[in-house]
There are 2 protein chains.
Amino acid sequence: MSDINVKEMEEIANSDTETLIKAAAKSVFLKNGLAGTRLQEIADCAGICRTALHYYFRNKDKLFDVVFTEAFTEIHKRVNGFAQSDAPVVEMMKMFAADFYDIAIKDPGIDLFIINEFNQNPERMRKIVCGENMQGVRRGFLHYIEKAVENGEIKGDPIQIMITIVSLCAHPFAAKSMIQNMFDINDAKYEILMLQRKAYILELIEKIFKQ
Amino acid sequence: MSDINVKEMEEIANSDTETLIKAAAKSVFLKNGLAGTRLQEIADCAGICRTALHYYFRNKDKLFDVVFTEAFTEIHKRVNGFAQSDAPVVEMMKMFAADFYDIAIKDPGIDLFIINEFNQNPERMRKIVCGENMQGVRRGFLHYIEKAVENGEIKGDPIQIMITIVSLCAHPFAAKSMIQNMFDINDAKYEILMLQRKAYILELIEKIFKQ
DNA sequence: GTCTATAATTTGATAGAC
DNA sequence: GTCTATCAAATTATAGAC
């Protein structure tokens, strides 16, 4: 759960420049996207000279690929971890959602970042994500739901069910900025709203799928 | 419902250059976002010289503002239209969702476009959306739900309920590209999936909120 | 490894002929 | 109104000193 962030902070603390650059690049890419990001902003964020970026990562695209791949892989691992569990499917969904909210509350930009870059350059993303990762998601989460439907544990189209779960988890974070504007709330209030929402969603999943 | 698209097509058919440019700009901005869009691509898409864009809209920002405002206003009108209805709240939710899916299936890029530009430049968006539109949403949809909660028609936090409805409607379209990659489906199959999903969501809303 | 200086490229914007 | 030619600015990338 929380040892990811501890690990990240340790990495940054006693970091070589390369790790420092990756952390800075991640935060700037998440904020601005690939097209909207200036290398200068990454350099400023890392507190180094802009040309050092080229020394470590040759060019902007390479740096982006590294950052995106790491961010995506981190999410993928967590999604796939649940595939090993043999809990009842509704419990697994709740565990998935709880974990998703825990991560997203700490790092709310990642979901929009991924769906957005996927949208703007599907080919590139397909190459980065390279089958293995995505098929992991499919084998893990979707396959688990498929089995539960076969067993009669739950009813419905597995794909629709999966899209429902992911929508309920991801969209409140993807639309963070719009939600904040719509309801006129600052970052602190938004975080509270999402913490409350975590409990709300766990109940909702139970209500929807418990037979 | 469908006369929007007819109207759009008529506009483009017997269009002046200005309308032609706006249609081209909308499609390119939706695909690439503001930062990722090159004026040359808009000009190519409209089949005109790049400098003509400056004649009509002075600069990139002005063109973007016009396109974004029109796109947002179109959505806003539809969301707000339901505020006038006096149907039971669950019926209103279903009408909202049905209409949302009808529009989004025809024009699936608009949701990601809006939340993404909101994320990248909240201040700018706030200025464009200029209070009035967003407060319209608030007064319309949210206020309606608040009243229903007060009346005991439904239970729960109105804001959480609204985020749930919007997530179920918007996210399957915002994450279109990722869904297509995850489940390995082309545009045609995706459209069928969303048509099926429309029916699925109407049932789901009933299941969640009907007491 | 890190910096300064500079090149190369892309992109947005303007001027002016027609 | 639309085009060609041109300018100006921003941004990425490289070369070379230290």
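Side chains included, hydrogens not; waters and symmetry mates left out as well; all remaining heavy atoms used. Note on naming: letters A, B, ... go to the chains in the order of the sequence lines (proteins, then strands), and numbering restarts at 1 for each one.
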*Asks:* Measure from the side chain of A:Asn59, starting at C-beta and using heavy atoms only, and say which of C:dG12, D:dA13, D:dC3 lies closest.
*Replies:*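 Shortest atom-to-atom distance from the side chain points to D:dA13.
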
*Asks:* In whole angstrom, what separates A:Arg50's CZ from C:dA5's P?
*Replies:*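 Checked: the CZ to P distance equals 13 Å.
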
*Asks:* Quick one: B:Leu34 CG to C:dT11 P, roughly how many Å, whole number?
*Replies:*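 It works out to 14 Å between those atoms.
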
*Asks:* Among C:dT4, C:dG12, C:dT2, which nucleotide sits nearest the side chain of A:Cys49?
*Replies:*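 So the side chain of A:Cys49 is nearest to C:dT4.
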
*Asks:* Nearest to the side chain of B:Thr51, heavy atoms from C-beta on, is which of D:dA13, C:dT14, C:dC3?
*Replies:*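 It is C:dT14.
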
*Asks:* Just to verify, which of B:Thr164, B:Ile115, B:Ile163 counts as forming a side-chain contact (heavy atoms from CB on, under 4.5 Å) with A:His171?
*Replies:*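 For A:His171, the side-chain contact (heavy atoms from CB on, under 4.5 Å) check succeeds only for B:Ile115.
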
*Asks:* Show, in sequence, the C-alpha distance, side-chain angles and deciding distance for A:Glu117 and A:Asn121, and conclude whether the side chain to side chain donor-acceptor pair (under 3.5 Å) test is met.
*Replies:* CA-CA 6 Å; A:Glu117 296 302 333; A:Asn121 202 334; over 6 Å; no

*Asks:* Quick one: which of A:Ile110, A:Ile103, A:Asp107, A:Ile105 gives a side-chain contact (heavy atoms from CB on, under 4.5 Å) with A:Phe173?
*Replies:*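 When A:Ile110, A:Ile103, A:Asp107, A:Ile105 are each tested with A:Phe173, the side-chain contact (heavy atoms from CB on, under 4.5 Å) holds only for A:Ile105.
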
*Asks:* Is the side chain of B:Lys147 donor-acceptor paired with the backbone N or O of B:Val89 at a distance under 3.5 Å, no angle test?
*Replies:*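 Here the side-chain-to-backbone pair does not exist.
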
*Asks:* Classify the ring geometry of B:Phe68 against B:Phe113: parallel below 30°, tilted from 30° to 60°, perpendicular beyond 60°.
*Replies:*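 Tilted.
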
*Asks:* Between D:dG1, C:dT2, D:dT4, which one does the side chain of B:Tyr55 approach most closely?
*Replies:*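 The closest nucleotide is D:dG1.
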
*Asks:* Calculate the interatomic distance between B:Glu41 atom CD and C:dT10 atom P; express it in whole Å.
*Replies:*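 Computing the B:Glu41:CD to C:dT10:P distance gives 15 Å.
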
*Asks:* In this structure, how many angstroms lie between the C1' atom of D:dT12 and the CZ atom of A:Arg58, rounded?
*Replies:*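 Distance check: A:Arg58 CZ to D:dT12 C1' gives 12 Å.
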
*Asks:* Atom CG of B:Leu53 and atom P of C:dT11: how far apart are they, to the nearest Å?
*Replies:*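 One finds 14 Å between P of C:dT11 and CG of B:Leu53, rounded.
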
*Asks:* To the side chain of B:His54, which of D:dT12, C:dT2, C:dG12 is closest?
*Replies:*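 Of the options given, the side chain of B:His54 lies nearest C:dG12.
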
*Asks:* Given atom OH of B:Tyr56 and atom P of C:dT14, what is their separation to the nearest angstrom?
*Replies:*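 Checked: the OH to P distance equals 17 Å.
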
*Asks:* Measure the distance from CG on B:Leu39 to P on C:dT14 and round it to the nearest whole Å.
*Replies:*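 Computing the B:Leu39:CG to C:dT14:P distance gives 12 Å.
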
*Asks:* Please state whether the phosphate of C:dG12, meaning OP1 or OP2, lies under 4.0 angstrom from any side-chain nitrogen or oxygen of B:Arg38.
*Replies:*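 The answer is yes; a side-chain N or O of B:Arg38 sits under 4.0 Å from OP1 or OP2.
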
*Asks:* Report the distance from atom CD1 of A:Ile21 to atom C1' of C:dC3, rounded to the nearest whole Å.
*Replies:*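 Those two atoms, CD1 and C1', are 14 Å apart.
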
*Asks:* Can you check whether B:Thr17 has a side-chain N or O nearer than 4.0 Å to OP1 or OP2 of D:dT2?
*Replies:*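 It does, given that an N or O in the side chain of B:Thr17 lies less than 4.0 Å from OP1 or OP2 of D:dT2.
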
